[in-house]
Amino acid sequence: MPELPEVDALAAFLRERAVGHAVTSAVVTAFSALKTFDPPLSALTGGTITGVARHGKFVDLTVGPASDAAGAAGAAGAAGASGGDDAEPVHLVFHLARAGWLRWFEEVPKTILKPGKGPIALRVKLDDGSGFDLTEAGTKKSLAVYVVRDPADVPGIARLGPDPTAPGFTLDDFRAVLDGRRTQIKGVLRDQSVFAGIGNAYSDEILHAARMSPYALAAKLSPEQVETLFAALRDTLAEAVAVASGRPPADLKDAKRRGMQVHGRTGQACPVCGDTVREVRFADSTFQYCPTCQTGGKPLADRVLSRLLK
C-alpha cells in the first residue's frame, strides 16, 4: 500500500507535471471507485489544475473553473446539473488503498476504455496530451475517487489525525496523542484517526528503529521510550520522504522496497543485528519484526498459525 512518503512523492510529481494544465477528459471505468455524484465527474472537464496537496494517504488535485469557451460550457452544464456555481473550484481526491497506483503518460493512450475491464479505474487526460491512469490490481477493489467542493467533504480526510511529519508536530504533541491509549503501539501508529499517513510498512520500520515490540501498550511506554519512538518516527519518515522525492511514479515502489529494514523481509537477516526477521500473520495482513532488536529475542505468537495448530 502506498503510504505517506510515496503519496507525498506522487503529489509532488503531479504538482510539477499537471499544475497549470486543463483537464480535457476524466473517465471512470471502475464505477465502484467513484464515491461521489455531486459535483459530477464532468465538473472536472475544462477546468485547470491549480494545486496538488496530500492529506494523509489521500492526493487532492484542485481544479479551477474552466477558462476556455468549450470548457466553460461543459463546466456550466455540470454546475447546472448539480445546482453549483461554476466559478468555484472542485477537488479531485483519490486514495490508492492497498493495491492501487498512479500511471503517468506523456501521451495518454488512444485505446478505448471498456467499463469493468482491466485494472484501470480512472483516466485523466490533460490539454497537452499527457495524463494519468489510476489502476488497481487484484479482485478486491478498494481504490476510491471523490469529486468534492471541499477536501473535508471526504469522510476519510475529515477523520484524519495530525500529520506526524508536519514541522509543528512536536514531542509534546506526540506524548499527548499516546497518553491513556491502552492499545498496542503497532495499531496506534496505523490508525489514520491518530496519525495521518502511516501504514503497515512504515509502522514496522518505525518500531524496528525504536527497538520496540509491536505489542507494547502505548499508555505504558516510559517517557524515554516515547522520546525514542518519536525520534524513530520522524527520522524514518523523513528519510523515506527524501528517498522518494523527485522520483517518477514508476520508480517509487522499488525505492520503497529497497529501503525496508524488516518489512517484507521475512526470513532474511536483520541488517542491524543479523537475527532472522520474523512475521506475525493475521487474517488479512502481516507484519514483520526482529526478535533480537525488538522483543528481547522472544518470537511473537503467529495468530493464524496458532489457530491452525490447535
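Not measured: the values here are computed from a predicted model.
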| request: Count the heavy atoms of every other residue, nucleotide or ligand shown that sit under 6.0 Å from CD of Q225, and state whether that count exceeds 12. | output: yes
| message | Within a 6.0 Å radius of atom NZ on K253, are there more than 12 heavy atoms belonging to other residues, nucleotides or ligands? | response | yes
| task | Decide side-chain contact (heavy atoms from CB on, under 4.5 Å) for V154 and K35; before the verdict, give the C-alpha distance in whole Å, the side-chain angles of both, and the deciding distance to 0.1 Å. | result | CA-CA 9 Å; V154 177; K35 306 301 182 184; over 6 Å; no
| Closest non-hydrogen atom pair, A22 against G46 | CB-O, 4.2 Å
| Can you tell me how far CG of L96 sits from CG of L102, rounded to the nearest 0.5 angstrom? | 7.0 Å
| D163 and T165 side chains, donor-acceptor separation under 3.5 Å | yes
| query | Roughly how far, to the nearest 0.5 Å, is the CG atom of D133 from the CH2 atom of W104? | reply | 11.0 Å
| field | Test item: side-chain donor near acceptor, Y202 and E6, under 3.5 Å | value | yes
| message | Taking side chain to side chain contact (heavy atoms under 4.5 Å, CB included) as the criterion, tell me which of L134, L14, L92 meets it with V59. | response | L14
| field | Inter-residue atom distance L221.CG - L178.CG, 0.5 Å rounding | value | 6.5 Å
| task | Might you confirm whether atom CD of Q268 has over 12 heavy atoms from other residues, nucleotides or ligands at distances under 6.0 Å? | result | yes
| field | Distance-minimising heavy-atom pair for A26 and T45 | value | N-OG1, 4.5 Å
| field | Distance, nearest 0.5 Å, that separates NE2 of H263 from CG of D204 | value | 6.0 Å
| From CA spacing to verdict: side-chain hydrogen bond (donor to acceptor under 3.5 Å, both in side chains), S130, D128 | CA-CA 6 Å; S130 67; D128 64 347; 2.6 Å; yes
| said: Over 60° means perpendicular and under 30° means parallel, so tell me whether F174 and F230 are parallel, tilted or perpendicular. | reply: tilted
| request: Would you please say whether a donor-acceptor pair under 3.5 Å links the side chains of Q261 and E205? | output: no
| Beyond-backbone contact of L113 with R123, side-chain heavy atoms, under 4.5 angstrom | yes
| field | Approximate separation, where rounding is to 0.5 Å, of E3 CD and D8 CG | value | 13.0 Å
| Does a side chain donor of either K186 or S203 reach within less than 3.5 Å of an acceptor in the other side chain? | yes
| query | So, for L300 and P214, which heavy atoms are closest and what is the spacing to 0.1 Å? | reply | CD1-CD, 4.0 Å
| Under 4.5 Å between any side-chain heavy atoms of L217 and Q184, yes or no? | yes
| message | H95 and ring pair (Phe, Tyr, Trp, His ring centres under 6.0 Å): which single residue from Y146, W101, F58 fits? | response | F58
| said: In the structure I gave you, are the side-chain heavy atoms of L207 and Q294 within less than 4.5 Å of one another anywhere? | reply: yes
| request: For the residue pair F94 and L122, establish whether any side-chain heavy-atom pair is separated by less than 4.5 Å. | output: no
| request: Treat each ILVMFWY residue as a node, draw an edge where side-chain heavy atoms are under 4.5 Å apart, and state whether L143 and V28 are in one component. | output: yes
| said: So, taking the atom named OG1 in T292 and the one named CZ in R278, what distance separates them when rounded to the nearest 0.5 Å? | reply: 9.0 Å
| Any donor-acceptor pair under 3.5 Å linking the side chain of K57 with the backbone of R54? | no
| message | Which residue in the set R190, K220, M212 passes side chain to side chain contact (heavy atoms under 4.5 Å, CB included) when paired with I185? | response | M212
| task | Give a yes-or-no answer on whether the side chains of T170 and D172 include a donor-acceptor pair shorter than 3.5 Å. | result | no
